**Q** 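Next up is a structure, given as structure tokens.
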Amino acid sequence: MIADASIFVGIALLLFFIGLAGFIKSKSAIRMLIAVELMLNSANINFAIFALYNDVGFVTGQIAVIISIALAAAEAAVGLGIILSVYRNHGTVEATDFQSLKG
Amino acid sequence: MSNIAIILLPFLILIGTMIICLLLEAFNIARRFTPPITIIGGFLSLYSVILSVNGDISYLFGNPVDFLDVQTTHTHTHPSGLFIIDDFFRFFAIIFLIVLVFVAISSSDYMKTDYNLGVYYSLLILATIGMMVLVAANDLLLIFVAWELGSLPVYSLAAYQKSRAETSESALKFFLIGAMSSAFILFGISLIYGITSSTGSLTPTSLETVIASFADLSSYSPLHVLALMFLFVGFGYKMAAVPFHAWAVDVYQGTPTAITTFLAAGSKAMGFAAIMRIVVVGLTDLGEIWGMIFAILAVLTMTLGNLVALVQTNIKRMLAYSSIAHAGYILIALAAAANEPAAAITGLIDITVGSFSIAAAEFHILTHAVMKIVAFTVVIVVSFSVGSEEINDYAGLRKRHPWIVFAMTIALLSLMGVPPLAGFISKLFIFFSALYADLIWLAIIGVINSAISVFYYIRVIKLMILDPPAEELIESHTVNVESMKTYRIPMSYAMAIGIGVILIILIGVIPGAIFDFAVDAANNFIQS
Amino acid sequence: MITQILFGENGIGVLTLIFLLPILAALPTWFIGRVREGFARYFALLMSVITFGLAILAWMMYENHSLLDSSMHANRDALASGGWTLVVNIPWIESIGMNFSLGVDGLSMPLVLLSGFIFCIAILASFKDIHEREPAYYAMILLLETGVLGTFLATDFVIFYVAWELVLVPMFFLIGIWGGPRREYAAIYFFIYTHVASMVMLLGIIGIWLKSADYPEVTGGGGTFSFDLLRQIDFGAETFVLLIFLALLFGFIVKVPSVPFHTWLPLAHVEAPTPGSMILAGLLLKMGGYGLMRMSGWFLPHALTEFAWLVAVIGIVSLLYGAWVALRQVDMKSLVAYSSVGHMGIVLLGVAAQTEEGFAGAQFMQIAHGIISPLLFFIAGTIGHSAHTRDIPKLRGIAKHMPITAAVLVFASFASAGLPGLAGFWSELLVFIALFEWVPVLAFIAIFGIIFTAAYYLWMLQRTVFGDKNPELSHAHDVSHWSQYSVLGLLSLFTLILGLFPALLLDMMTEATAFFESQF
Amino acid sequence: MAEEVILIFGNFAILIPIIPIVASFIVLFIGKYYDKKAHGNLIALIATGGSLILTLLVSGEIIFRLLFDHAHIEEKIVTTWFQVGDVKVEIGVLLDPLSVIVSLMVALIAFLVVVYSRSYMSHEGSPRYYAEINMFAAAMLTLCLSPNFIQLFIGWELMGVCSYLLIGYFYEKEVVPEGQPHPASAAKKAFLTTKIGDIFLFAGIILLYLVTVAASQRYHGIYHPSFDFIEIRHMIEAGVIPGIFDPGLFAFIALLIFGGAVGKSAQFPLHVWLPDAMAGPTTVSCLIHSATMVKAGIFLIARSYFVFEFADSNALLIVALIGGITAIMAGSIALVQTDIKGILAFSTISQLGYMTIGLGVGGMAVAIFHVINHGIFKALLFLSAGSVIHGSGTQDIREMGGLKSHMPDTWKVMAIGSLSLAGFGNGFFSKDAIISHARNHIVHEPLIALVWLSALITAFLTAFYISRMWFLVFPGENRSGHDIHESDGWMTKPLWILAIVSLVLAGIYSVGLIGSTFKIELFSLFNIEHHMVEWLEGGIGPVFDFETGSTSIFVTTIGIALAYLIYYPRAKAQITFPKDEPSFKIDVPEAPSDRITNIQLKVRSFVRGVKASAPGRGVQLILENGYYIDTLYLKLVHLFYEYYCEAMNWIEKNVFDRAVRLTGRIGFALCGFSKWWDDTVIDGLVRLTGRASVALCSLAKATDERIIDQGLIRGSAKGVMKTGRYMSHVQTGVVENYALYSLLGAIAIIIIGLLMAGVFPL
């Protein structure tokens, strides 16, 4: 049955890597945060699809999606808080500019 | 009910402590008691864990109908429960709680001037709870939740000193990388769910199901491998294994040192615990695959960590690289656990190569945690006294703080692997696990790396003890001469450091009991 | 009753006491020194004397001395087959079968006695030499004592390694804190060099453990670290065993040290405080020799047969090269250091010959050099202390300024140069008998080392002891403190006693020498 | 084995060396307080005296038994010293004719020297001096009485040390006369030069021991190797060795042992130390460097003569040749010496050459015979020279002259000694015996003819230089104007004792000679030479060779006469030496021509003419520099020390040390490199991969436009510039880069995982 779902899995994978690429290529911290959300959501697609196609109880995957969305939100909250404090300190949120710690 | 309460007592105590801290904060009463309360709570929790060490495996929250039922068994036959409370859990819980207590002690002076102490300590406790749940989790989703619970408070803690520029910078890096790793983990879990759910299991994310579905090599698809690898990458970040290590160095340097301790000693252990739970034990049949990957990563991690540590000038960065190197040593044991896990070790009763290796890894995680606690606490003290974290500013420190220097020396010697300190014994076990698993080459590389590591540790010892304080140091702006003259080491640090040093020596001299416990934990864990 | 508990069959064991007493005394020494300045030295001396006394007691038990109650007599049955006596065997890490096991045999007994003795002497020598941070200093010395004694007493490779490494740390601090002007460099150099070598040795130890797993009939399955089991295994000379041998050999000859791995020694000697040099030359080098002898005789005899030429060449090069370089030295301590390189070369030669005579000679050299070189270092240190320089060209006419020191220096130089009737000669005789029997050509080359040895000592004596009064040394004064007299007197006395009564030492190791030869 | 011999005094023989060695320590520690004025001389005196008495008793007993019981005495009183493996070393005494005769001479001279020192060293002495003298006596007696090679070697080396200490006795000398070495330097030279010989001896002893390992197996049936003289001799005599080892090997061992003798007995080419050794007090030169210690080499060869006899005959030939070379070389150098001790030193070397010749031509007994005689008269000569130096305050014979009138005792005893050395007293008999042995030996070895010739020439030279010395010292007028006085009784009495012993010995020999020539039973009992041969070699003594005897008397007489003609001042005239001439050292003295006879005048002007000629000058120069042997050695040692050792030191400082540090530095460079690698190359790769993956994404047409845009733009436009910037950064500190690391890692891991899982066929 995986075969049926494989197209969706492919899409999810693609989405994940798009997110990753976005993470890598972005300069702005906020943009990177969004890219991470994209990656998380690609996993959510998987959960939903697998729940639909495979799961006998239909439940686990969907619960997983809900949990994941909740966690992503929490993460975003923390992340935005940090970004805010960074902005206060540095006046910018361009991650590339933060290079004082290196070597 | 009572049964469950007793089993979950460590968690309950922590939650209670956290609530008290928050309440004190909220009502603004007796806030200065927050640190002692946290310490006492952590200690009570630790004590309850130690009391419950008995080799039993308890499954909790298994049957939706009989939600609060506890099953205690050694030979379970059916999937049962979200939580497994076994000796493996207890071993790691002890590590996390030790870290919690120590970090709480060493933060108490650090955070004295901060106004929302309660939040700080409750975040600390929350992260500890998350890490403990992770070790106890028997379900992939729970693992992910616990992972987030163990990570999110730490992001906040890392950013806690909002006003410091480099702190917020490092917190940002930490957060971004951490979030990315979470995404990797979640994606991996989703793929595994896809595989297991197709088998018609009712509990597709339960670890038993996962293991069962991965047990059959013949039905392997790229998806299996892909899923595992995603998980691996995700956990690799927390372990700071090369090539997922780069964030660690910057973050260790930039974060307040107490949190660095928490990261180096606690979070790292969480990464290892997770990977052991899911990969090492659960999927033994895939040993060949990830055994090789672990071995390669171990070599890379050790070598890079040790070599780059040599050229560091900042003590926290150096310790960070040393931490990376130690992750490499632990990876040796994991690689060993993979190679021939079921093979018996002749001469040793009830110990297989797998359980020995896992025990060695656990043991090293423990000793590494203790050593790093001492080292980083010393760094805190010195940064207050000398006002610098540059290695060169440690010159002639013995004239100022002989005891601190003594403790640092013991910690560094132990990290170096000088007998009879803890670091030597645990490294020895690790090399042994490699030998038992016929990975002689890995052991040899480990020994060579261990030899390389001498250089950078001994440099610090030399500077502290043998060198006079540099002239320019006195005049340098980096050093607060006034504070150096007047600084008195707070009792809390002295206590933390003292206990740590005693632990290092004790573990080194009589490792038997603890290692036996580690072996029990490993055995227990493999059975479950 | 108490003797039963302490020394009896199932008691704590005298060796455990010897091993633990110094390290347990280290912290009290430090505290006593903090409480009352100047007491640390007496306490440390007391403790080291008690340790030495225990070592003598162990020796009497070992010899089944008639003064002792027969219940305290050691069981010597195992000695003839290379075993140990007065064995202590306490489980240490049960889960992997590691034991805290100690024992003595003909090879280790003399070295244990020597260690006990030299530490007493070194502490005595510190009385007038060390005035800075005494409590820590004496604590370090006692810590070092445990390491050294542990190396000789251990009958388990892990204990051996632990003790071996334990030595490094206190020595590092002794050099680094109480040393000369370049002490930091020397301390680091010493530490890193020997530690890296130890790591290679550890590889060898791991190797031998792995290899032992191939002999389950002896080990009962699995690898073993137990000396007692390892000596029962007949390791062949296959490639892996040879590699193990080379790894261990490297660890040992760095410690010995032999050319070309000797560079740490002159540096460490010159920079270390005088008592540190005494311990370094008297005991630390012996650890390497001991390891070499133990390994080649007890565990890997066939590998030694394969690599005897290598050991011999290293020995001969050390002997000659050490002497040549010593001829050009300016610093007295450095000269004595190079002489140590040369003399320890003789140990290597003795072992390489694979005979009773060679083994006995090598061991005799270990003990003799262990007594004579501390004496020389003490004199060099005293002269340096008194004359404010140890540079040979700047010293002249010491005999006029410091007659007693000069006299003992002459005595010690001749003893070191192998004067018959003193301790050094017998080892040369025995080693050369073995060498001539083995490869005469090598012996003929090596024998010239004797001339060069005599040459650098006499050349040194001519420039330092003799000559007219030196106005620049008018401030120099002779030894005057009782501790200095006792150091000079005791070391000279033992040099003489060992020279006149070599049987004292050789009888102790009859079984060991016979076993050594029977291995080949 | 001979029949059981019961000895009374022999049982106490072990005390002979023990008494002085114990006394040596006593003197060292209490000499400062007891008998303070004489620096503890009394203790040393009692000890050496006691030792002498005991030696007299023991040797008397043994000689008595030898003479009248004709017993074969070879008594070994030993105890095991130690044993390790097969090596068993014993300690004790061996009483046989050889040991007691030599011990007797040693004990006698040691005692007399200590007596003499009481006065001679009254100002310069110290307890140390007596301790060392006693220690030396003990060492020499140990050597003489030792039953095995090990004990012998111990005595041998201990003597070397005592010699070292005593040569360097005046170590604090600030300035030394030009041309003379500093005592400390001389002592070092003596010790090291003899040490070269010693290591050959050491090797020889060990090789011989190893020979007995196999031999004993055949002899006893068990492995019972030994260092014991008698044991080894029995093995050789029992013929067990020939089958195993060939005489060639034995010749090698024999020559190694002879090497030891060459060093100790100052034979060519290791003779250079002995003249320098005169830097010590004269008593020391007497005791150690002429009468006793230097004889140890001869004694050693006599002791191990069975090895030489068994060995290939070339070994003994080499011994004889070395002896011949030494004798003539040293004799010729003695001709030009101006230092009174220098003359005696070269004379000693020359006489030792004689003894070596004796050994080399098979006359072991006569060599020992000469050892005894030479010991007596050379001790006499040295002590007299000491008296002369003590009395005149100088050592230079050019500054002496006319001492006869001031030193009534000394000139007489010195005359007796000189005559003896020249070949007219007791020295005649033993020297003659050696020459005649050499002559008889020519039949076996034609080359010995050269040796014989050299012995004869040396006899002439000896007579000449010793007469020269005597003539320049005693007759005539004093040339320096020093205040000269005769020495006191503590010094003259030992001289007289020695002189009388010398005369008595000469008398005894003469009686014995007469006895054996005319077959008078009673008189032939006194034929010591005969007895010596009988006791030591077990053969029948040789018949006195009148031809040789007359030849040697003839050359001796010529030598004395020539010296007389050239040097005898004739009257109490003031004679001077032309000091401005470059080679005045051997120049003949100038004296008013009317004071000397015609023939003297002619001889002197002839000699002057010869010396003024070019060849004459060359010869002079060569002789004055001792054939440049010393110079050559010095040059070699200098080269060794300055260049070779320096090269080694350079290697030590630069190669080894640098190598270690270089290793360290390479290590650090490696770290730096790996850091750079980590930071730039891997980083670059990571970025590349990242870009590739981004490109991949764009190809899939499912990408966010902006990301593609930005990625492509940045990738293409700023790629090069950026790469350079990243390369220049050490560590980026940029968080996306860290993510890229991970991406690379993740991809690698996934690929490895897939490959290993066998999902994709490799």
Side-chain angles (χ1 to χ4, degrees), chain C residues 189 192-193 259-260 262-264 266-267 321 324-325 327-329 338 355-357 359-360 397 399-400 407 410 414 418-421 425-426 428-430 432-433 435-437 440 443-444 447-448 450-451 454-455 458-459 461-462 465-469 501-503 506-507 509-510 513-514 517, chain D residues 80-87 89 128 139 150-151 153-158 160-161 164-165 168 171-175 182-185 187-189 191-192 195-196 198-200 202-203 205-207 209-210 213 640-641 644-653 655-657 659-661 664:
Chain C
Y189 201 107
I192 289 177
Y193 208 134
V259 178
H262 65 288
T263 44
W264 63 269
L267 194 61
Y321 180 84
W324 291 331
V325 178
L327 267 170
R328 292 294 304 194
Q329 291 312 304
Y338 281 106
T355 54
E356 274 176 295
E357 291 85 8
F359 179 80
K400 278 288 154 194
V410 174
F414 276 110
L419 178 72
F425 170 68
W426 297 115
E428 282 178 13
L429 176 71
L430 291 169
F432 277 108
I433 286 177
L435 265 192
F436 270 107
E437 202 170 356
F444 270 110
I447 208 161
F448 281 91
I450 296 178
I451 294 183
L458 296 192
W459 181 222
L461 289 180
Q462 187 193 334
V465 170
F466 302 130
D468 54 331
K469 279 198 178 186
F501 306 105
L506 293 172
D507 286 355
M509 41 190 290
T510 318
T513 44
E517 180 154 310
Chain D
T80 301
W81 199 354
F82 69 87
Q83 185 165 15
V84 50
D86 295 334
V87 181
V89 174
R128 181 164 77 81
I150 295 300
Q151 198 182 325
F153 191 68
I154 290 173
W156 179 277
E157 288 285 308
L158 205 56
V161 173
Y164 169 81
L165 293 172
Y171 62 82
E172 75 273 26
K173 256 188 194 169
E174 278 177 56
V175 275
H182 190 276
S185 160
K188 182 194 66 187
K189 184 175 172 185
F191 191 84
L192 287 180
K195 193 87 188 172
I196 293 173
D198 292 354
I199 60 163
F200 290 117
F202 190 53
I205 290 173
I206 290 174
L207 280 180
Y209 165 82
L210 292 173
V213 173
F640 173 77
Y641 181 72
Y644 186 74
C645 288
E646 182 52 38
M648 287 294 145
N649 201 30
W650 184 86
I651 289 173
E652 174 67 19
K653 289 278 171 306
V655 178
F656 285 129
D657 201 36
V660 173
R661 274 186 284 172

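Computed from heavy atoms alone, side chains included, the values below leave out hydrogens, waters and symmetry copies. Because the structure is predicted, anything quoted here is derived from the model rather than measured. In what follows, chains are A, B, ... by sequence order, proteins preceding strands, each numbered from 1.
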**Q** Which region of C:Thr513, side chain (C-beta onward) or backbone (N, CA, C, O), has a non-hydrogen atom less than 4.5 Å from a non-hydrogen atom of chain D, or is it both or neither?
**A**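 Side chain only.
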**Q** Hey, could you give me the OG1/NZ distance between C:Thr263 and D:Lys653, rounded to the nearest 0.5 Å?
**A**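 C:Thr263 atom OG1 to D:Lys653 atom NZ measures 10.5 Å (nearest 0.5 Å).
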**Q** Could you list the residues that satisfy salt bridge (charged side-chain N to carboxylate O under 4.0 Å, His left out) with D:Arg128, not counting sequence neighbours?
**A** D:Glu132
**Q** For C:Ala399, is it the side chain, the backbone, both, or neither that has a heavy atom closer than 4.5 Å to a heavy atom of chain D?
**A**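 Both parts, backbone and side chain.
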**Q** Would a distance-only check, ignoring hydrogens and angles, find a side-chain to backbone donor-acceptor pair under 3.5 Å from C:Tyr321 to D:Glu652?
**A**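 A pair under 3.5 Å: yes.
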**Q** Any idea which of C:Thr355, C:Leu461, C:Val325 has the most non-hydrogen atom pairs under 4.5 angstrom with chain D?
**A** C:Val325
**Q** Picking from D:Tyr171, D:Trp156, D:Tyr164, D:Trp650, which has the most non-hydrogen pairs under 4.5 angstrom with chain C?
**A** D:Tyr171
**Q** Tell me, side chain or backbone of D:Ile205 under 4.5 Å from chain C's heavy atoms, or both, or neither?
**A**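 Interface part for D:Ile205: neither.
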**Q** Picking from C:Pro260, C:Gly421, C:Ala360, which has the most non-hydrogen pairs under 4.5 angstrom with chain D?
**A**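 Highest number of heavy-atom pairs under 4.5 Å: C:Pro260.
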**Q** Taking the side chain as everything from C-beta on, heavy atoms only, tell me whether C:Glu437 gets closer than 4.5 Å to D:Ile206.
**A** no
**Q** Check whether any side-chain heavy atom of D:Phe202 sits under 4.5 Å from a side-chain heavy atom of C:Phe425, and report yes or no.
**A** yes
**Q** Would D:Asn649 and C:Gln329 count as a side chain to side chain contact (heavy atoms under 4.5 Å, CB included) here? Give the steps.
**A** CA-CA 8 Å; D:Asn649 201 30; C:Gln329 291 312 304; 3.2 Å; yes
**Q** If I take atom CZ from residue D:Phe191 and atom CD from residue C:Gln462, how far apart are they, to the nearest 0.5 angstrom?
**A**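 It comes to 14.0 Å.
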**Q** D:Phe153 versus C:Leu429: any side-chain heavy-atom pair under 4.5 Å?
**A**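 A side-chain contact under 4.5 Å is absent here.
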**Q** With a 4.5 angstrom heavy-atom cut-off, is it the side chain or the backbone of C:Leu430 that approaches chain D, or both, or neither?
**A**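 Only the side chain of C:Leu430 comes within 4.5 Å of chain D.
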**Q** Side chain, backbone, both or neither: which part of D:Asp198 has a non-hydrogen atom closer than 4.5 Å to chain C?
**A**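 Neither part; nothing is under 4.5 Å.
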**Q** For C:Phe444, which atoms come within 4.5 Å of any heavy atom of chain D: side chain, backbone, both, or neither?
**A**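 Looking at C:Phe444, just its side chain touches chain D.
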**Q** Where does C:Ala454 contact chain D at under 4.5 Å (heavy atoms): side chain, backbone, both or neither?
**A** both
**Q** Which atoms of C:Phe414 come close to chain D, meaning under 4.5 Å heavy atom to heavy atom: side chain ones, backbone ones, both, or neither?
**A** side chain
**Q** Measuring only between side-chain heavy atoms, which start at C-beta, is D:Trp81 closer than 4.5 Å to C:Leu506?
**A**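 Heavy-atom side-chain distance check fails, nothing below 4.5 Å.
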**Q** Rounded to the nearest 0.5 Å, what separation is found between the CG atom of C:Leu458 and the NZ atom of D:Lys189?
**A** 14.0 Å
**Q** For D:Ile196, is it the side chain, the backbone, both or neither that has a heavy atom under 4.5 Å from a heavy atom of chain C?
**A**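 Contact with chain C involves both backbone and side-chain atoms of D:Ile196.
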**Q** For the residue pair D:Ala184 and C:Phe466, what are the closest heavy atoms and their distance?
**A** CB-CB, 3.6 Å
**Q** Taking the side chain as every heavy atom from C-beta outward, state whether D:Tyr641 and C:Trp459 have any atom pair closer than 4.5 Å.
**A** yes
**Q** Quick check on C:Leu419 against chain D: is it the side chain, the backbone, both or neither that has a heavy atom closer than 4.5 Å?
**A** side chain
**Q** Non-hydrogen atoms of chain C under 4.5 Å away: do they reach the side chain of D:Ile199, the backbone, both or neither?
**A**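 Contact with chain C involves both backbone and side-chain atoms of D:Ile199.
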**Q** Could you have a look at D:Lys195, D:Glu157, D:His182, D:Lys188 and say which one has the most heavy-atom pairs with chain C under 4.5 angstrom?
**A**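 The candidate making the most pairs under 4.5 Å is D:Lys188.
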**Q** Looking at chain D, which one of C:Pro266, C:Gly397, C:Ala455 has the largest number of heavy-atom pairs inside 4.5 Å, strictly under?
**A**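 The answer is C:Ala455.
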